[in-house]
Amino acid sequence: MDIDRLRAETPGCENVTHLNNAGAALMPQPVLDALFGHLWREAQIGGYEARREASERLDAVYDSLAALLNARRDEIALVDNATRAFDSAFQALPLRDGDVILTSTVDYPSNYLAYLSRQREIAIEVRVVPEAERGETSLDALTEMLREPRVRVLSLTHVPTQSGLVQPAAEAGRLARDAGCWYVLDATQTVGQMPIDVEALGCDILASTGRKFLRGPRATGFLYVRRERFGDLHPAIVDVHSATWTGPDSYELQPGARRFEIWEQNFAGNLGLGAAADYALTIGLDAIWERVRRLAGELRARLGSIPGVEVHDRGAERCGIVSLTVEGVEATEVRDRLAARERRINVSTSTVNSARLDFPARGLTETVRASVHYYNTEAELDELADAIEEIARAGVASSPGPSPTA
Ligand SMILES: Cc1ncc(COP(=O)(O)O)c(C=O)c1O
């Protein structure tokens with residue numbers, strides 16, 4: 001991997017040390033060209049006309065995403081973000097009173113809220129599969145829980161928003177398949193940082209976003225639906241794009257996953273998304289994953305050796321997200337001090353509101369989230385570690401220490 005070239009193709013690298021790739025990664029030039037190029041054409045010749053002019057390239061976006069996921073082009077729908085992708089498929093699942101949804105301790109909060117909100121219409125039950133020793137969903141417990149015939153859905157988040165843990169998603173998929181239940185996978189934090197193969201994962205539905213490790217534009221996302229499942233899924237929103245109005249009492253849904261799209265779309269964003277998928281495929285997902293894992297491992301080792309800093313990632317397999325706390329300094333304070341003008345290091349934070357079933361059990365309320373991508377350098381990791389060491393030293397010096405009665 002030619003890191004110098006990849007960084008030269010990433011304008012943001014000149015301005016910031018970007019370790020917030022789990023928030024939104026820096027877009028590379030080909031993505032910007034696709035995005036701005038289309039917006040410019042919209043301004044020059046009109047939005048509808050620019051769409052017609054770009055129809056072949058827009059069509060090719062489905063091929064790019066299908067290649068990225070090892071899917072077929074009719075199994076892909078382009079939507080605004082991962083939440084829309086997840087929700088539109090989840091709302092369409094043919095569930096009945098008494099059905100059980102299995103999920104994990106580290107599901108994305110909006111997904112969990114979707115389960116709870118569906119309970120307003122139907123009496124579904126949500127059960128959380130316990131963790132194995134290192135924090136992943138326990139496959140033994142999952143096997144046991146799948147024996148219950150009322151289980152209709154297994155819904156997992158491949159990598160949670162708040163830590164580097166990677167779920168054993170393919171193994172879980174095999175168990176879900178054997179049990180004959182739906183398998184819904186939130187791959188928002190994994191697409192773009194590791195190879196994703198829907199056949200190997202065995203998922204029926206996969207939701208993801210453009211802006212994170214895939215390096216696409218904001219407010220782009222996509223949904224994968226396994227072809228064999230099309231007929232079982234009726235979208236909650238039906239419009240002139242997702243269906244054809246065939247008569248006063250009838251309509252026909254689009255035959256494929258595009259039944260989950262609606263007519264008006266961010267076409268510039270979609271072209272940018274396709275360019276991001278092509279860019280990742282050109283670099284190679286195996287190479288990306290190897291480098292991300294190595295950089296994150298080095299960062300964890302470096303941070304873990306700093307007095308007052310604790311690294312919180314668990315899991316046998318860990319990804320580019322590194323979560324940490326600094327003794328005596330709030331996570332938002334750490335983030336803001338890193339972002340200060342003299343440093344310009346971007347990280348983000350996670351709070352218990354995103355991790356209700358995870359943080360309390362580990363005694364955490366908030367963490368700093370540093371997330372590396374392949375275009376980050378060892379020098380940038382040193383920069384981050386040095387800055388955190390400085391913040392930790394100042395934090396420990398100013399913290400009041402344990403109270404005598406504690
Ligand atoms: C694991 C996971 N799932 C889903 C989402 C939601 O993605 P989006 O904001 O694109 O809807 C996020 C966002 O942080 C996430 O981390």
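One-based numbering, in listed order, for ligands and for the atoms of each.
- With respect to the salt-bridge test (charged N to carboxylate O, under 4.0 angstrom), the residues Glu133 and Arg314 do not qualify.
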Short N or O contacts of ligand 1 with protein, under 3.5 Å, listed by atom name?
{"residue": "ligand 1", "atom": "3 (N)", "partner": "Asp186", "partner atom": "OD1", "Å": "3.2"}
{"residue": "ligand 1", "atom": "3 (N)", "partner": "Asp186", "partner atom": "OD2", "Å": "2.6"}
{"residue": "ligand 1", "atom": "3 (N)", "partner": "Thr188", "partner atom": "OG1", "Å": "3.3"}
{"residue": "ligand 1", "atom": "9 (O)", "partner": "Arg211", "partner atom": "NH1", "Å": "3.3"}
{"residue": "ligand 1", "atom": "9 (O)", "partner": "Arg211", "partner atom": "NH2", "Å": "2.9"}
{"residue": "ligand 1", "atom": "10 (O)", "partner": "Ala82", "partner atom": "N", "Å": "3.1"}
{"residue": "ligand 1", "atom": "10 (O)", "partner": "Thr209", "partner atom": "OG1", "Å": "2.6"}
{"residue": "ligand 1", "atom": "10 (O)", "partner": "Arg211", "partner atom": "NH1", "Å": "2.9"}
{"residue": "ligand 1", "atom": "11 (O)", "partner": "Ala82", "partner atom": "N", "Å": "3.3"}
{"residue": "ligand 1", "atom": "11 (O)", "partner": "Thr83", "partner atom": "N", "Å": "2.8"}
{"residue": "ligand 1", "atom": "11 (O)", "partner": "Thr83", "partner atom": "OG1", "Å": "2.5"}
{"residue": "ligand 1", "atom": "14 (O)", "partner": "Lys212", "partner atom": "NZ", "Å": "2.9"}
{"residue": "ligand 1", "atom": "16 (O)", "partner": "Thr161", "partner atom": "OG1", "Å": "3.3"}
{"residue": "ligand 1", "atom": "16 (O)", "partner": "Gln189", "partner atom": "NE2", "Å": "2.9"}

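- For Arg5 and Tyr375, the positive end is not near the middle of the six-membered ring at less than 6.0 Å and at most 45° from its axis.
- Between Arg150 and Glu125, at least one side-chain nitrogen of the basic residue sits less than 4.0 Å from a carboxylate oxygen of the acidic one, meeting the salt-bridge criterion.
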#### Entry: Full working for ring-ring contact (aromatic ring centres under 6.0 Å, His included) between Phe90 and Tyr115
CA-CA 8 Å; Phe90 181 74; Tyr115 319 144; 5.3 Å; yes
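- Taking the centre and axis of the six-membered ring of Trp289, the NZ or CZ atom of Arg318 falls outside the cone set by 45° and 6.0 Å.
- Here Arg343 does not pair with Asp336 in a salt bridge; the nearest charged N to carboxylate O distance is not below 4.0 Å.
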